[in-house]
Amino acid sequence: MPTMLRLGAMAPFLSFLAPLGVLAAGVDKTHGVPPNMVSRYVPVKSSSSETWKCLDGSKEILWSSVNDDYCDCSDGSDEPGTGACPNSTFYCRNEGHIGSIIPSSRVNDGLCEAECCDGSDELPGVCPNVCKEAGEIYRKTQEEERKIRKKGSKIRSSYIAFAHKEKKRLEGVIETSTQEIAVREKEVARLRDIVERSESLSAAALEHKKTSPLYESLIMHSNALKSLQQEHKKHLEREKALGDILDALRRGYNPNYQDMAVLEAVRGWESLAGLPHINDVGKDEEGSHEEAAIKTEVEGEEELEEDMWTAEELEKDLDNLLKTDYVSLLLEHEKHVNSPVTDSILLDLSSYLPDTLVPQYEAFRDTLVSWLQTLGIIHGAPQSAGEDSKMRQTLNDAEHSLRLAKDEKKRAEDDLNDLFDPKGYGAEGEWKKLDKTCLEKDTGDYTYEVCLFDEAKQKPNKGGQTFSLGKFHSWNPDSQPGDPAYYVKQVYRGGTKCWNGPNRSVVLILSCGTDNVIHTVAEPEKCEYHLTGTTPALCLPLDTPEGNKDEL
């Protein structure tokens, strides 16, 4: 009797095990095996039985023990279609859709797994086969994504084209800067030589140089040019005023009123300005006095003698000529003709000495100068501070311009090196176009802004302080430069410190899209913000392995 009671109590449990026994006995040996592994599930036939070796080679078992709901192999490879082995996996074929792999612990647990739309992870009849519907939805989604990727990849191509144009521009800047640097270095060397020679002169020697007929003639010509320029401007202003008066008279006088003086003035002005008679063209003629004046100027232009200046050169370049530093020019002239002055005659003895004695003389020269100044033979008056200061300033300006040219070249070289750097703007330069492009997301109380490769900010919409959320720090630290996954994440660090918390930071997760935009903002941890968005820069062409991932 007790035995019968125990059996009665176990009846429900036995009734549950019965279907499992039937399943284990009738399940296909390749049930749950991925397609690429099916070829390894073949029995080895012998005279007495069929055997099979575990995939790790650790054990050989009867073929009938495969998928019998009992774990024989340490790697769990003998139970691909059941949940008997805890660390194995199950492959859902999902015909009409995409196959997937789930942990074996989720097989025959009475729950219909979304990954197994064919219901093969459970007993027959437990889960319906919905792969047809799931496949249609998937294919529709994939087609929409393909359209987005196709459109986005075209935009990405324009980004790459921009990078190549930028490359040419930077190469042009480097070439131009190199040429400019060479010119400016020569100019600096020339000015430095002038300054050094000027500063080594005594004031008396410099004044002596200024008394040369050449210098005095240059100053006289300069003053004459300034006077002529001033008078020329007055005449131009007067000519324009008179022209305006005569033009107004020409357009406004009544030709029916026979005032011969007015008529003569009008006809004279028309002849001088090259204008047609007002009665021939009407008062609303389109030709202006200025156009006619230009025509007259061209027609009456005299042929210039060689080296004479044109009117345009007089207008544009005369001011620069009048700004010439004549003292510097004088010193250059002195150097050119090697014309000594009184003091330098006494000191430039090296030109009269044998070559073997020049080094000893130059070593002794400073002492000699001191003696001669003490004896009053040469003058040791201080230099003219104003002249020296002016020439020194000219040298400083030239050196500053040289530094600017070198800095510009260095920046262009650095930008060119970063342009196609996988750690920077990508191997194809596709991210350069987006450098400092700012994306915003309004969340109601705040607007979140990320300027790519620059800074992220949190801006209050109702007044208050704007907080920095960090500067650009790196791409995805969990991937390698050049991998597509490397460019899906940007990290911004070092933002404004939170009260009683860390410095603010941002992780921006990006995906392929036709627009550069932020979609979501979240704060999973205090002052650590996660933003998601899209960009065409991630839309790889469909003919690349990463750009075409349909697997049906």
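Remark: Y529 pairs with Y448 by the ring pair (Phe, Tyr, Trp, His ring centres under 6.0 Å) rule, at least two apart or across chains. Under the rule for a side-chain contact (heavy atoms from CB on, under 4.5 Å), the partners of E440 that lie at least two apart in sequence or sit in another chain are T447, E449, K459. Shown here are the ring pair (Phe, Tyr, Trp, His ring centres under 6.0 Å) partners of F467, two or more places apart in sequence or in another chain: there are none.
A donor and an acceptor atom, one from each side chain of N417 and E413, are nowhere located under 3.5 Å apart.
D421 CG to K432 NZ: the interatomic distance, rounded to the nearest 0.5 Å, is 12.0 Å. Atom CD of residue Q490 and atom CG of residue L531 lie 11.0 Å apart, to the nearest 0.5 angstrom. Distance check: E166 CD to I160 CD1 gives 15.0 Å after rounding to the nearest 0.5 Å. One distance of note links CD of E187 with CZ of R192; it measures 11.5 Å at 0.5 Å rounding. How far NZ of K526 is from CD of E523: 9.0 Å, rounded to the nearest 0.5 Å. We find the OG-OH distance between S468 and Y492 to be 11.5 Å, quoted to the nearest 0.5 Å.
More than 12 heavy atoms of other shown residues, nucleotides or ligands fall within 6.0 angstrom of atom NE2 in H164. By the 6.0 Å contact criterion, OH on Y446 is open, its count of non-hydrogen atoms from other residues, nucleotides or ligands being 12 or less. The environment of NZ in K147 is sparse: at most 12 heavy-atom neighbours from other residues, nucleotides or ligands sit within 6.0 Å.
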From CA spacing to verdict: side-chain contact (heavy atoms from CB on, under 4.5 Å), Q179, V183: CA-CA 6 Å; Q179 296 172 356; V183 172; 5.8 Å; no
K240 and E237: CA distance, side-chain angles, deciding distance, salt bridge (charged side-chain N to carboxylate O under 4.0 Å, His left out) verdict: CA-CA 5 Å; K240 183 178 184 304; E237 293 174 358; over 6 Å; no
Worked verdict on E145 versus I148 for side-chain contact (heavy atoms from CB on, under 4.5 Å): CA-CA 5 Å; E145 291 181 357; I148 292 174; 5.5 Å; no
Trace of the side-chain contact (heavy atoms from CB on, under 4.5 Å) decision for D454 with K471: CA-CA 6 Å; D454 189 14; K471 298 272 190 178; 4.3 Å; yes
Step-by-step side-chain contact (heavy atoms from CB on, under 4.5 Å) determination, V507 to K489: CA-CA 7 Å; V507 173; K489 181 188 294 185; 3.7 Å; yes
Steps toward salt bridge (charged side-chain N to carboxylate O under 4.0 Å, His left out) verdict (K167, E171): CA-CA 6 Å; K167 177 176 180 289; E171 289 173 341; 2.7 Å; yes
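Between Y486 and K423 there is a side-chain heavy-atom pair separated by less than 4.5 Å. You'll find the side chain of V188 reaches within 4.5 Å of the side chain of L395, heavy atoms only. Side-chain contact between L540 and R156 is present, with heavy atoms from C-beta onward closer than 4.5 Å. Side-chain contact check for P422 versus Y487: some heavy-atom pair is nearer than 4.5 Å. Using a 4.5 Å heavy-atom threshold, the side chains of T466 and P460 count as touching.
Between A398 and L191, the shortest heavy-atom contact is CB-CD1, 3.5 Å.
Judged by distance alone, with hydrogens and angles left aside, the side-chain atoms of S153 form a donor-acceptor pair with the main-chain N or O of K150 at under 3.5 Å. With N503 contributing its side chain and G494 its backbone, the two residues share no donor-acceptor pair below 3.5 Å.
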Just list the side-chain donor-acceptor pairs under 3.5 Å for residues 472-485, sequence neighbours left out, or say none.
unit_1	atom_1	unit_2	atom_2	d
W475	NE1	G424	O	3.0
N476	OD1	D478	N	3.0
N476	ND2	A485	O	3.2

All N/O donor-acceptor pairs, side-chain side in residues 510-518, below 3.5 Å, sequence neighbours left out:
unit_1	atom_1	unit_2	atom_2	d
N516	OD1	T535	OG1	2.6
N516	ND2	Y159	OH	3.0

For residues 402-412, tabulate all N or O donor-acceptor pairs below 3.5 Å that involve a side-chain atom, not counting sequence neighbours.
unit_1	atom_1	unit_2	atom_2	d
K409	NZ	T178	OG1	3.3
K410	NZ	D414	OD1	3.2
K410	NZ	D414	OD2	2.9

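Remark: of the listed residues R504, Q458, K457, R504 is the sole one forming a side chain to side chain contact (heavy atoms under 4.5 Å, CB included) with T496.
Remark: E180 engages R184 in a salt bridge, criterion side-chain N to carboxylate O under 4.0 Å.
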